[in-house]
Engineer: 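What follows is a structure written as structure tokens; I'll ask about it next.
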Amino acid sequence: MSIDYISELNANQFAAVMYNEGPSLVIAGAGSGKTRVLTYKIAYLLENGYNPWNILALTFTNKAAREMKERIGKKVGERLAGRLWMGTFHSIFSRILRAEATRLGFTSKFTIYDTADSKSLIRSIVKEMGLNDKLYQPGNIQARISNAKNRLVLPSAYAASKEVCERDNADKMPAVRDIYSRYWERCRQSEAMDFDDLLFYTFILFRDFPEALEKYRAQFRYVLVDEYQDTNYAQHTIVSELSKLSRMLCVVGDDAQSIYSFRGANIDNMLDFPDMFPQTKIFKLEQNYRSTQTIVNAANSLIEKNERQIRKAVFSEKERGEAIGVFQAYSDMEEAQIVVNKIVEMRYSKGYEYADFVILYRTNAQSRAFEEAMRKRAIPYKIYGGLSFYHRKEIKDAIAYFRLIVNPNDEEAFKRVINYPARGIGNTTLGKIIDSAISRHVSLWQVIAEPATYGLDISKGTLSKLRAFRELIETFMEMQVEKNAYEVGVEVIRKSGIMNEILRGDTPEDMSRKENIEELANGMHDFCSERLEEGNTNVSLADFLSEVSLLTDQDLDKEGDDKKVTLMTIHSAKGLEFPNVFVVGLEENLFPSGMAESPQAMEEERRLFYVAITRAEEHCFFSYAKSRLRYGKMEFSSPSRFLRDIDTCYLSFPEEAGISAQVDERANNFRNKQRDRKIVFSPKPAASHTLKRVGVSSPSSASRSSSPLPDLQVGQMIEHERFGVGEVMKIEEAGDNTKATIHFRNAGDKQLLLRFARFKILNM
DNA sequence: CCGATACGCATTTTT
DNA sequence: TGCGTATCGG
């Protein structure tokens with residue numbers, strides 16, 4: 001399996017792939033084949049003396065990691081690709097932290113708190129400290145703590161830092177430092193790490209345990225990082241530490257697409273990279289393979305207006321393409337209509353599919369008008385963002401049970417399920433439990449495990465309710481030793497009363513909650529069977545949790561998504577591409593956002609617009625409305641300054657004539673629409689996250705005992721439940737653990753444990 | 001302890 | 001406008 005690097009890469013890409021003598025910085029313009037460079041480079045390293053486990057490749061999203069792994073798998077085989085240390089910062093670091101947990105005073109079963117957990121814990125701390133929660137808003141505090149952690153500032157250093165504290169004082173929040181310190185301790189007491197801790201503790205691990213640092217330095221002989229412009233200080237520091245001796249560090253990114261500074265991303269990590277790593281070799285990828293010349297040039301003319309950037313000359317050799325159409329509308333409703341009309345028209349006149357269109361906006365609230373316009377004309381669409389699967393109440397409740405079973409010290413999980421479903425343990429009791437726990441420095445669970453020891457002053461009746469609850473969780477805890485995640489999950493859903501609770505009602509919402517729970521169970525089933533099939537026996541509830549807590553809804557594929565118009569914020573469009581892009585709501589105070597006041601913030605908004613434009617392959621359109629409904633009030637707006645940043649020769653305005661009718665008619669129209677707005681309300685279609693439905697049997701028990709191993713021979717064709725049709729390439733006899741290598745038409749080579757695999761043999 | 005009603009607030013969000 | 005949290009009455 002030899003790869004023809006020279007013919008499959010352009011000169012700069014080739015040079016970047018081949019240079020492996022020291023640190024390198026690949027500045028990759030939009031659509032210039034950044035992922036291509038990374039995949040070929042890793043393939044090249046694998047072909048030239050690197051073992052997969054010697055390579056650490058870090059991304060920001062699971063999706064990016066998955067896709068890259070797949071592409072590498074196609075080149076060098078899944079076997080090798082599967083053993084790469086490739087994943088998100090958070091997932092790779094959590095893997096390391098679970099292995100090294102004891103050094104840091106944790107166990108490998110630590111919980112990962114999501115942002116909601118963090119805020120909820122902060123809310124209780126604020127309350128306990130008797131602070132004014134109008135002043136100390138959980139979200140705000142959480143952001144401050146997160147910032148501190150991203151800058152590797154411990155609570156002690158935070159309290160000692162004049163600068164930070166003065167800022168807190170100025171904002172009338174002098175107690176933030178105390179909240180931070182309490183928050184830190186409470187997380188430790190709960191054996192929990194928040195997202196930022198996954199980075200922070202990795203840093204601490206390497207700082208305080210030289211033998212750990214040495215071990216991982218020796219292992220990761222080559223470190224690669226995708227989207228480097230989005231790294232924060234903590235990530236940057238850890239990566240630097242790891243590659244300090246080997247000096248084999250390759251970072252790839254585009255400073256013009258840095259749009260996450262509000263999350264701590266620091267563009268300087270990229271801009272100053274050559275200064276920080278002496279003898280850095282810089283490669284620039286400037287040929288854009290995605291968009292027409294017009295689109296690339298328009299984007300260039302925009303980004304030129306930014307001060308702070310690495311100058312580059314992105315160019316396209318695709319056709320010139322059409323100018324960017326600019327639409328003016330009188331209201332947000334009309335804007336939506338115009339866009340939808342245009343989509344319909346292009347679909348007929350140019351033969352595009354619905355899936356070839358995306359509507360990009362600055363804020364989620366803007367989606368509503370477009371949703372309505374699409375529904376009216378029966379155009380299929382899908383919307384990204386909003387409530388993710390894992391953030392739905394019923395899912396969080398079920399997962400809270402799982403968390404508590406795996407790590408009973410998990411305070412947030414405890415608080416969530418102690419009285420759900422209602423079992424007569426209210427806030428008063430919970431408050432007492434918390435008080436005891438705090439004063440004795442133990443977890444909530446420890447208090448109810450030994451109420452007498454920790455002086456819990458409650459009535460006999462409540463005490464027995466608590467005991468019942470404890471015993472319930474304890475049965476699950478015993479169960480998880482033997483049974484897999486799916487089996488325990490189903491038991492929990494049944495026995496905890498979650499299912500009863502949900503089955504009580506019969507409103508559409510209740511039905512959807514029921515479906516979601518079923519989906520969760522299906523997801524757990526898939527999790528177990530997928531792993532078992534591939535010979536991975538780590539299918540406990542703890543294994544499931546450690547994976548699921550780092551998943552987002554972006555990681556779930558939805559059924560039938562391939563024939564729909566896409567609606568999303570520009571942020572979530574990063575890394576994607578579409579034939580036709582509508583960038584909507586180009587108005588002052590909306591895009592750029594009214595919150596962007598500093599010049600730096602304005603530059604980031606401009607980069608955001610740059611990202612939006614460069615998603616387009618063939619056609620790009622802009623639109624703005626002169627008035628729009630905001631928070632139920634009408635507001636008037638003027639066109640975005642960004643429209644003036646783009647060289648007018650790439651724009652075409654005639655579209656605006658097409659829509660304006662007589663003034664009277666317009667007003668009339670407008671009034672009608674205002675009326676419609678009230679009458680034509682229908683709820684958002686529930687996003688259907690469809691995990692494939694599978695049999696009701698449990699993955700372990702069903703196939704293990706009853707059915708004998710299928711009689712499979714090399715050369716036979718099979719149809720697998722998930723991977724589709726494939727040919728049997730090889731069979732490794734090993735009794736119960738007989739493995740087959742199957743070459744799937746669409747999924748590539750897979751090794752399956754026959755004992756678990758779900759497929760049928762096709763008759764030829 | 002639960003549900004109903006009032007109030008206040010409101011970018012973007014890879015993990 | 002419309003959601004999520006805070007508070008009150010049963």
Side-chain angles (χ1 to χ4, degrees), chain A residues 58-65 87-94 112-116 118-120 123 127 133-134 137-139 142-143 146 150 193-199 226-227 229-232 234-235 257-265 332 360-366 368-369 384-388 390-391 393 419-430 462 465 547-555 568-576 585 589-597 601 604-605 607-609 611-612 628-635 677-678 681 683-684:
Chain A
L58 298 166
T59 65
F60 278 86
T61 64
N62 295 306
K63 203 173 152 204
T88 63
F89 279 92
H90 293 83
S91 70
I92 296 283
F93 290 175
S94 74
I112 297 172
Y113 274 180
D114 68 13
T115 319
S118 302
K119 283 187 201 160
S120 153
R123 177 173 290 117
K127 228 176 232 168
D133 55 1
K134 290 268 144 56
Q137 294 165 348
Q142 196 273 334
S146 175
N150 289 160
M193 295 196 194
D194 64 23
F195 289 140
D196 306 311
D197 285 335
L198 294 175
L199 310 179
D226 191 16
E227 307 276 21
Q229 77 281 355
D230 289 336
T231 52
N232 60 35
Q235 290 162 325
Q257 293 184 64
S258 162
I259 54 173
Y260 280 105
S261 75
F262 68 94
R263 297 195 40 132
D332 48 348
L360 299 178
Y361 35 76
R362 177 69 242 259
T363 67
N364 282 309
Q366 288 167 259
R368 180 162 258 115
Y384 278 72
L387 205 52
S388 99
Y390 295 106
H391 287 284
K393 186 187 173 297
N419 200 33
Y420 179 83
R423 48 173 73 84
I425 306 172
N427 278 325
T428 327
T429 307
L430 181 59
T462 316
K465 286 178 196 158
E547 178 157 306
V548 93
S549 42
L550 293 172
L551 280 186
T552 62
D553 55 338
Q554 307 246 327
D555 297 320
M568 58 169 94
T569 63
I570 302 167
H571 280 92
S572 35
K574 205 178 86 176
L576 305 178
N589 250 330
L590 183 61
F591 194 14
S593 156
M595 310 252 176
E597 278 165 348
E604 177 146 323
E605 294 286 309
R607 291 195 292 268
L608 193 55
F609 191 25
V611 168
R628 92 171 41 240
L629 223 47
R630 269 223 235 192
Y631 310 138
K633 273 211 192 83
M634 172 81 72
E635 271 180 22
R677 198 191 274 283
K678 293 214 173 61
F681 170 75
K684 283 191 192 182

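No hydrogens, no waters, no symmetry mates; every other heavy atom, side chains included, goes into these values. In what follows, chains carry the letters A, B, and so on, assigned in the order in which the sequence lines appear, proteins first and then strands, with residues in each chain numbered from 1.
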Engineer: C:dA6 and B:dT11: how far apart are their C1' atoms, nearest whole angstrom?
Structural biologist: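 Pairwise C1' distance, C:dA6 against B:dT11, rounds to 25 Å.
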Engineer: Can you list everything that forms a side-chain contact (heavy atoms from CB on, under 4.5 Å) with A:Ala601? Sequence neighbours excluded, please.
Structural biologist: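 With sequence neighbours excluded, A:Ala601 shows a side-chain contact (heavy atoms from CB on, under 4.5 Å) to A:Ala596, A:Ser598, given in chain and number order.
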Engineer: Tell me: NZ of A:Lys393 to C1' of C:dC3, nearest whole Å?
Structural biologist: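 That distance rounds to 16 Å.
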Engineer: Flag as yes if A:Phe262 stacks onto the base of B:dT12 (centroids under 5.5 Å, planes under 30°), otherwise no.
Structural biologist: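 Whether judged by distance or by angle, A:Phe262 passes, so it stacks on the base of B:dT12.
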Engineer: Sequence neighbours excluded, which residues qualify as side-chain contact (heavy atoms from CB on, under 4.5 Å) partners of A:Arg630?
Structural biologist: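 If we apply the side-chain contact (heavy atoms from CB on, under 4.5 Å) test to A:Arg630, skipping adjacent residues, the hits are A:Asn589, A:Leu590, A:Arg628, A:Glu635.
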Engineer: Counting any heavy atom closer than 4.0 Å, what does A:Arg630 reach on the DNA or RNA strands: base, sugar-phosphate only, or nothing?
Structural biologist: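 Result for A:Arg630 = nothing.
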Engineer: When you check the phosphate oxygens OP1 and OP2 of B:dT13, does a side-chain N or O of A:Thr569 lie under 4.0 Å from one of them?
Structural biologist: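 Yes, A:Thr569 has a side-chain N/O under 4.0 Å of OP1/OP2 on B:dT13.
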Engineer: If I take atom CD in residue A:Gln366 and atom C1' in nucleotide B:dA10, what distance separates them, rounded to the nearest angstrom?
Structural biologist: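 Those two atoms, CD and C1', are 14 Å apart.
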Engineer: Is the distance from the ring center of A:Tyr384 to that of A:His571 below 6.0 Å?
Structural biologist: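 Centroid separation for A:Tyr384 and A:His571: 6.0 Å or greater.
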Engineer: Can you check B:dT12 for me, syn or anti if syn means within 90° of 0?
Structural biologist: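 Anti, angle beyond 90° from zero.
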Engineer: In whole angstroms, how far is the P atom of B:dT14 from the CG atom of A:Leu58?
Structural biologist: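 In whole Å, B:dT14 P lies 19 Å from A:Leu58 CG.
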Engineer: Contact class for A:Glu605 vs. all strands (heavy atom < 4.0 Å): base, sugar-phosphate, or nothing?
Structural biologist: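 Since a base atom lies under 4.0 Å of A:Glu605, the category is base.
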Engineer: Report which part of the nucleic acid A:Thr428 touches: base, sugar-phosphate, or nothing (heavy-atom distance under 4.0 Å, all strands).
Structural biologist: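 The residue A:Thr428 makes sugar-phosphate contact but no base contact.
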Engineer: Which listed nucleotide (B:dT13, B:dC9, B:dT15) is nearest to the side chain of A:Lys134?
Structural biologist: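 Taking heavy atoms from C-beta onward, the closest nucleotide is B:dC9.
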Engineer: Indicate whether OP1 or OP2 belonging to B:dT15 is found under 4.0 Å from a side-chain N or O atom of A:Asn62.
Structural biologist: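 Looking at the OP1 and OP2 atoms of B:dT15, one of them is under 4.0 Å from a side-chain N or O of A:Asn62.
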Engineer: Please compare A:Thr231 and A:Gln137 by the position of their nearest nucleotide in DNA chain B and report the one closer to 5'.
Structural biologist: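 Looking at the nearest nucleotide for each, A:Gln137 comes out on the 5' side.
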Engineer: Can you sort out the partners of A:Glu547 under side-chain contact (heavy atoms from CB on, under 4.5 Å), two or more places apart, ordered by chain and number?
Structural biologist: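 Here the qualifying residues are A:Phe527, A:Arg531.
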Engineer: In whole angstrom, what separates A:Asn364's CG from B:dT11's P?
Structural biologist: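 Rounded to whole Å, this separation is 10 Å.
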Engineer: Roughly, in whole Å, what's the span from CE in A:Met568 to P in B:dT13?
Structural biologist: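 Interatomic distance, CE of A:Met568 to P of B:dT13: 11 Å.
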Engineer: Grab the N/O contacts between the protein and nucleotides 6-10 of chain C below 3.5 Å, and write none if there aren't any.
Structural biologist:
none

Engineer: Whole Å only: how far is the CG atom of A:Leu590 from the P atom of B:dT12?
Structural biologist: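 Atom-to-atom, A:Leu590 to B:dT12, this comes out as 10 Å.
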Engineer: With sequence neighbours left out, what residues match A:Gln142 under side-chain hydrogen bond (donor to acceptor under 3.5 Å, both in side chains)?
Structural biologist: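 Not a single residue meets the side-chain hydrogen bond (donor to acceptor under 3.5 Å, both in side chains) criterion with A:Gln142.
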Engineer: Answer yes if the side chains of A:Ser118 and A:Thr115 hold a donor-acceptor pair under 3.5 Å, and no otherwise.
Structural biologist: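 No.
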Engineer: With nearest nucleotides of DNA chain B determined for A:Ala265 and A:Gly594 from heavy-atom distances, which residue corresponds to the more 5′ nucleotide?
Structural biologist: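 By nearest-heavy-atom nucleotide position, the 5'-most residue is A:Gly594.
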Engineer: What integer number of Å spans the C1' atoms of B:dT12 and C:dT5?
Structural biologist: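 After rounding to an integer number of Å, I get 23 Å for this pair.
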Engineer: Between N or O atoms, less than 3.5 Å apart, protein on one side and nucleotides 2-7 of chain B on the other: list the pairs.
Structural biologist:
{"unit_1": "B:dC2", "atom_1": "OP2", "unit_2": "A:Asn419", "atom_2": "ND2", "d": "3.1"}

Engineer: Taking any heavy-atom pair under 4.0 Å as a contact, classify A:Thr363: base, sugar-phosphate, or nothing.
Structural biologist: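 The residue A:Thr363 makes sugar-phosphate contact but no base contact.
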Engineer: Please enumerate all residues that pass side-chain hydrogen bond (donor to acceptor under 3.5 Å, both in side chains) together with A:Lys127, with sequence neighbours excluded.
Structural biologist: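 In terms of side-chain hydrogen bond (donor to acceptor under 3.5 Å, both in side chains), with neighbours along the sequence ignored, A:Lys127 is linked to no residue.
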Engineer: May I ask you to verify if any side-chain N or O of A:Tyr631 is less than 4.0 angstrom from the OP1 or OP2 atom of B:dT11?
Structural biologist: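 Yes, because at least one side-chain N or O of A:Tyr631 sits under 4.0 Å from OP1 or OP2 of B:dT11.
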Engineer: Base, sugar-phosphate or nothing for A:Tyr260? Non-hydrogen atoms, less than 4.0 Å.
Structural biologist: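 Here A:Tyr260 touches the bases of the nucleic acid.
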Engineer: I need the CE-P distance between A:Met595 and B:dT11, as an integer number of Å.
Structural biologist: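 In whole Å, B:dT11 P and A:Met595 CE are 5 Å from each other.
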Engineer: A:Ser91: what forms a side-chain hydrogen bond (donor to acceptor under 3.5 Å, both in side chains) with it, not counting sequence neighbours?
Structural biologist: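 So A:Ser91 forms a side-chain hydrogen bond (donor to acceptor under 3.5 Å, both in side chains) with A:Thr88.
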Engineer: A:Ser549: which residues meet the side-chain contact (heavy atoms from CB on, under 4.5 Å) condition with it, sequence neighbours left out?
Structural biologist: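 Only A:Ile112 meet the side-chain contact (heavy atoms from CB on, under 4.5 Å) criterion with A:Ser549.
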Engineer: Cation-pi check, A:Lys393 to A:Tyr420: give yes when NZ or CZ is under 6.0 Å from the six-membered ring centre and within 45° of the ring axis, no otherwise.
Structural biologist: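 Yes, A:Lys393 lies over the aromatic ring of A:Tyr420.
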Engineer: If you look at every strand shown and take non-hydrogen atoms under 4.0 Å, does A:Ile425 touch a base, only sugar-phosphate, or nothing?
Structural biologist: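 Here A:Ile425 touches the backbone only, sparing every base.
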Engineer: Please confirm whether any donor atom in the side chain of A:Arg362 sits under 3.5 Å from an acceptor in the base of B:dT11, or the reverse.
Structural biologist: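 Per atom types, no contact qualifies.
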Engineer: Rounded to the nearest Å, what distance is computed from the CZ atom of residue A:Phe591 to the P atom of nucleotide B:dT11?
Structural biologist: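 Atom-to-atom, A:Phe591 to B:dT11, this comes out as 16 Å.
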Engineer: Roughly how far apart are A:Phe89 CZ and A:Glu227 CD, rounded to 0.5 Å?
Structural biologist: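 Separation between the atoms: 10.5 Å.
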